[in-house]
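Below, chains carry the letters A, B, ... as their sequence lines are ordered, and counting in each starts from 1.
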Number of protein chains: 2
Amino acid sequence: MSDSDCLFCRIASGEIPADLVRSDPDAVAFRDINPQAPTHILIIPRKHIPSVADLNDGDSDVMGTLFLMARDLAREEGLTENGYRMVVNAGADAGQTVFHIHLHLLGGRGMGWPPG
Amino acid sequence: MSDSDCLFCRIASGEIPADLVRSDPDAVAFRDINPQAPTHILIIPRKHIPSVADLNDGDSDVMGTLFLMARDLAREEGLTENGYRMVVNAGADAGQTVFHIHLHLLGGRGMGWPPG
């Protein structure tokens, strides 16, 4: 369920400090230490899953929970009216650096296209 | 459930043609007409929900289903080893142009940061 060598598992457990914005039974949210927009929050499941490529068929709720939290945090951050982008990277080509699933919630500025 | 004025509902129903790559009971996938990477697929729920901001608490499965399909299509496209990016835009700041939830699956090249 949790991996003691994983940075994000250790943040979720409270072992490593982070700028937490939400701590729920299934998911945790905290601000990115290298923000790419006025609001840049990472939302992670407590369950250790390295990547979307490692999701099992029974893990449908994992991603659903992250997106419902993104919806709620966007409201709290005042992003709902103007909009926000959500990004999930899987693997090296996408630039994934921590191998524990995380959803980037970005907002507070216009976002360009292509998305990287 | 479906909106007759919505482009993506009309693609899902088959009324408007698209380069379909998957048609399941709950979700449909087709290639973006303005691809931003060698693989650029849009994955949509059949259910008409304008944006992540409009998800209900009971809609957790909606996003979960899209991500399981992304995982499977990434395998089929040969992206799993090198990686892929998944993007969901909500609202104008993010550049959302069709107001029916869609997940962008992008891969086949290195993706930059920030994501737009």
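- For the atom pair A/Arg22 CZ and A/Ile44 CD1, the distance stands at 14.0 Å (nearest 0.5 Å).
- Per-residue counts of heavy-atom pairs under 4.5 Å with chain B were compared for A/Gly91, A/Gly116, A/Gly107; the largest is that of A/Gly116.
- Heavy-atom proximity under 4.5 angstrom to chain A picks out B/Asn56, B/Asp57, B/Ser60, B/Asp61, B/Met63, B/Gly64, B/Thr65, B/Phe67, B/Leu68, B/Arg71, B/Arg75, B/Thr80, B/Asn82, B/Gly83, B/Tyr84, B/Arg85, B/Met86, B/Val87, B/Val88, B/Asn89 from residues 56-89 of chain B.
- Between A/His102 and A/His104, the distance separating the two ring centers is shorter than 6.0 angstrom.
- Along residues 45-53 of chain B, the residues that come nearer than 4.5 angstrom to chain A, judged on non-hydrogen atoms, are B/Val52, B/Ala53 in order of number.
- Listed in order of number, the residues of residues 30-42 of chain A that approach chain B to under 4.5 Å between heavy atoms are A/Gln36, A/His40.
- One hydrophobic cluster, built from ILVMFWY side chains closer than 4.5 Å, cannot hold both A/Val98 and A/Leu103; they sit in different ones.
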Show every donor-acceptor pair shorter than 3.5 Å between a side-chain atom in residues 1-10 of chain A and any protein atom, with sequence neighbours excluded, or say none if there are none.
unit_1  : atom_1 : unit_2  : atom_2 : d
A/Asp3  : OD1    : A/Asp5  : N      : 2.8
A/Arg10 : NE     : A/Glu15 : OE2    : 2.9
A/Arg10 : NH2    : A/Glu15 : OE2    : 2.9

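- Cluster annotation: B/Ile16 is connected to B/Leu20 through the hydrophobic network of ILVMFWY side chains, with a link wherever side-chain heavy atoms come within less than 4.5 Å.
- In this structure, the side chains of A/Met111 and A/Leu106 come closer than 4.5 Å at one or more pairs of heavy atoms.
- Under a hydrophobic clustering in which Ile, Leu, Val, Met, Phe, Trp and Tyr are joined whenever their side-chain heavy atoms come within less than 4.5 Å, directly or via other members, A/Val21 and A/Ile11 fall into different clusters.
- Across B/Gly108, B/Ala92, B/Ala90, the residue that shares the most heavy-atom pairs under 4.5 angstrom with chain A is B/Ala90.
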